[in-house]
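Read the structure below first, then the notes.
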Amino acid sequence: MSASGGSMPPPPNPAAYFPAPRITLPVGLDILRTYSGAFICLEILFGALVWILVAASQVPLPLLQGWVMFVSVTACFLSILFLGVFLFSYTHRVAVDWNQMDFLFHAATFVFYFGAFLLQAATTSLYNYQYPSNATVLLSGQDYNISIAASIFAFATTICYGCSTALALRRWKL
């Protein structure tokens with residue numbers, strides 16, 4: 001009882017303010033049995049290969065390949081984190097629309113990875129380009145081969161993020 005003689009109102013119900021999370025992807029190890037889980041695993045694998053290959057080159061154009069490295073490292077870590085959320089069933093603890101979050105994550109990463117792929121391909125196209133002031137070649141034969149492999153895996157990673165975006169959009173809108 002309060003000092004004025006009336007009883008205190010009950011505390012507000014938190015369920016009224018935080019809706020239940022909406023998710024159609026399975027959690028736990030069952031996510032690895034879905035197409036989305038397979039694409040996330042491929043994104044991590046191919047993204048790590050892009051990261052390794054760009055780091056293994058002599059990085060002749062740090063401005064272009066620096067962005068490729070940033071995107072590949074960031075996307076790889078965020079994809080591992082995203083997969084971990086589903087593997088360890090944290091989706092039930094955070095009340096968000098996971099279908100929308102899945103779409104937004106993969107769509108944004110697809111756009112960034114597409115740009116990184118274009119920059120990596122532009123770097124690869126500079127084979128046998130010489131600086132005007134001296135006869136130094138920008139890409140050597142070995143760096144060219146590494147750059148080709150990095151471009152191919154960046155393209156494969158971009159395709160994986162695009163497929164994940166399409167699957168996430170379908171889940172979100174249904």
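Please read all numbers here as calculations on a predicted model, not as lab measurements. Scope of the values below: all heavy atoms of this structure, side chains included, with no hydrogens, waters or symmetry mates.
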I'd like to know if the side chain of Thr124 reaches the main chain of Ser147, judged simply by a donor and an acceptor atom lying under 3.5 Å from each other, with no hydrogens or angles considered. yes
Plane angle bin for His106 and Tyr161 - parallel if under 30°, tilted between 30 and 60°, otherwise perpendicular: tilted
Roughly how far, to the nearest 0.5 Å, is the OG1 atom of Thr91 from the CE atom of Met101? 12.0 Å
Quick check on the hydrophobic clustering: are Ile159 and Leu49 connected, directly or via other members, by side-chain heavy-atom contacts under 4.5 Å? no
Closest non-hydrogen atom pair between Pro26 and Thr34, with its separation: CG-CG2, 3.6 Å
Nearest 0.5 Å please: distance from the SG atom of Cys76 over to the CZ atom of Phe46. 12.5 Å
Atom CG in Leu78, atom CG in Leu83: separation rounded to 0.5 Å? 12.5 Å
So Leu87 and Leu32, do their side chains get closer than 4.5 Å, heavy atoms only? yes
Could you tell me if the side chain of Asp97 sits less than 4.5 Å from the side chain of Trp172, heavy atoms only? yes
Heavy-atom pair of closest approach, residues Val27 and His92: CG2-NE2, 3.7 Å
Are any non-hydrogen side-chain atoms of Val68 and Val50 less than 4.5 angstrom apart? yes
Is Ile80 linked to Ile31 within one hydrophobic cluster, defined over Ile, Leu, Val, Met, Phe, Trp and Tyr using a side-chain heavy-atom separation of less than 4.5 Å? yes
Under 6.0 Å between ring centres, would you say that holds for Trp98 and Tyr90? no
Transitively linked via ILVMFWY side-chain contacts under 4.5 Å: Phe70 with Trp51? yes
Least distance between heavy atoms, Ala75 atom then Thr109 atom: CB-CG2, 3.7 Å
Could you check Arg33 against Asp30 for side chain to side chain contact (heavy atoms under 4.5 Å, CB included), going step by step and ending with a plain yes or no? CA-CA 5 Å; Arg33 294 186 185 116; Asp30 290 337; 2.5 Å; yes
Got a donor-acceptor contact below 3.5 angstrom from the Thr123 side chain to the Leu119 backbone? yes
Which atom of Ala55 lies closest to which atom of Met69, heavy atoms considered: N-SD, 3.9 Å
Phe39 reachable from Phe155 in the ILVMFWY side-chain graph, under 4.5 Å edges: no
Val71 backbone acceptor or donor facing Thr74 side chain under 3.5 Å: no
What's the spacing between Phe110 CZ and Ser164 OG if we round to 0.5 Å? 11.0 Å
How close do Ala56 and Ile146 get, counting heavy atoms only, and between which atoms? O-CD1, 4.1 Å
Taking the side chain as everything from C-beta on, heavy atoms only, tell me whether Ser72 gets closer than 4.5 Å to Tyr113. yes
Pairwise distance CD1(Ile52) to OG(Ser57) - rounded to 0.5 angstrom: 12.5 Å
Got a second to check how far Ile40's CD1 is from Phe86's CZ, nearest 0.5 Å? 7.0 Å
Which heavy atom of Ser89 sits nearest a heavy atom of Gly28, and at what distance? OG-N, 4.0 Å
Are Phe112 and Trp67 close enough, and set up right, to give a side chain to side chain contact (heavy atoms under 4.5 Å, CB included), and what steps lead you there? CA-CA 9 Å; Phe112 284 123; Trp67 179 251; 3.7 Å; yes
I'd like to know if Phe103 and Phe114 are part of one continuous hydrophobic network [Ile/Leu/Val/Met/Phe/Trp/Tyr, side-chain heavy atoms within less than 4.5 Å]. no
